[in-house]
Amino acid sequence: MTETTGRYADFEGLREQAIALRREGLSRRQIRDRLHVHNNDILNRLLVGEPAPEWTKRPNAMDDLRQQARELRLRGMTYDQIQVQLGCSKSSISLWVRDLPKPARSRAPVEQARLAGRLRWDHELAMRDVERQQTKADAKGEVGIMTNRELFVAGVVLYWAEGTKDKTYDRRETVTFVNSDPDVIHVYLAWLSLLGIEPERLRYRLMIHETADVEAAKQFWADLVGVDTSVFQKTTLKKHNPKTVRKNVGDTYRGCLVVRVSQGADLYRRIEGWWYGIVGAAKRADQENRT
């Protein structure tokens, strides 16, 4: 049995789910993503006989497109430009506007072709961006509510990726975390709170290039973590290297926030233990999945 055949073996059960979702008012795309059915033939068979919900229907859509095409033609647009604007075929456009006068050629054929190509590409990029943002939004919704255990595991992994670690050649059993992403800092602080670390044990410091607006950056991070800038330790300034072309510049550059837990040696040892516990559990799970 192939993977695809096995996945859809319970066809009738899957069809019941698809019909139920259809009657709830979901579109084909929503049903496809919900059931993870990406084969159009199978999706058609699952939904055969079930009418589309009213909100997915576009009455007089062709009439609307035809009217828009004619208006664009009267403004002097070419078939290529109308196609990019409306997303319909050139053959349809030709039928809709053939009784209208042709627009005056204001550009050389090569320039017109270049413009049409650029418009098509701009349209393609815009469509890709819509799909990209939709994928991100769908993925964000898949996370749902995070349990304390899930936050615990996420925090351990996050610290081991971004926090300072003890080395045999550099003993440092301290809990120090450095990052420039405000969202990462939010998650890290939520994890510390879950572990019962009191806010009074947290020490903050700014690391930033000397050419940046230091005070504005310090205020940004202070507002983010909910403290006054006066509690910040001495800022670490990075010397500017004229030979380096930096891209992290502008109003959005705020350096990195350093968050240290005072008296954190015992916490560090537990973090290291938790990490290797995750490593062992992942190896066992991988082994079970392979057998």
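Hydrogens, waters and symmetry mates are skipped; everything else that's a heavy atom, side chains included, is used. All of these numbers come straight from a predicted model, not from anything done at the bench.
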* Asked: Does R205 make a cation-pi contact with F232, if we ask for NZ or CZ under 6.0 Å from the ring centre and within 45° of the axis?
  -> no
Donor-acceptor pair, side chain of [X] and main chain of [Y], under 3.5 angstrom:
{"X": "R70", "Y": "V97", "value": "no"}
{"X": "Q67", "Y": "D64", "value": "no"}
{"X": "K90", "Y": "D80", "value": "no"}

* To do: Give a yes-or-no answer on whether the side chains of D138 and Q134 include a donor-acceptor pair shorter than 3.5 Å.
  => yes
* Asked: Is it the case that Y268 and E272 place a side-chain donor and acceptor less than 3.5 Å from each other?
  -> yes
* Asked: Quick check: are there more than 12 heavy atoms from other residues, nucleotides or ligands sitting under 6.0 Å from CZ of R149?
  -> no
To the nearest 0.5 Å, how far apart are [atom1] in [X] and [atom2] in [Y]?
{"X": "H209", "Y": "K239", "atom1": "NE2", "atom2": "NZ", "value": "12.5 Å"}
{"X": "L47", "Y": "I42", "atom1": "CG", "atom2": "CD1", "value": "12.0 Å"}
{"X": "R203", "Y": "T174", "atom1": "CZ", "atom2": "OG1", "value": "13.5 Å"}

* Asked: Are V214 and M207 joined in one hydrophobic group, where the rule is that I, L, V, M, F, W and Y side chains link up if heavy atoms are under 4.5 Å apart?
  -> no
* Asked: Are V157 and V178 connected, step by step, through hydrophobic side chains (Ile, Leu, Val, Met, Phe, Trp, Tyr) whose heavy atoms are closer than 4.5 Å?
  -> no
* **Candidates R15, R22, R23 - the one meeting salt bridge (Lys or Arg N to Asp or Glu O under 4.0 Å) with E50** => R23
Taking 4.0 angstrom as the limit, do [X] and [Y] come out as a salt bridge?
{"X": "D286", "Y": "K283", "result": "no"}
{"X": "E210", "Y": "K238", "result": "no"}
{"X": "R120", "Y": "E124", "result": "no"}

* Is the centre of the Y159 ring less than 6.0 Å from the centre of the W274 ring? -> no
* To do: Let me know which of L21, I31, N39, L14 forms a side-chain contact (heavy atoms from CB on, under 4.5 Å) with L46.
  => L14
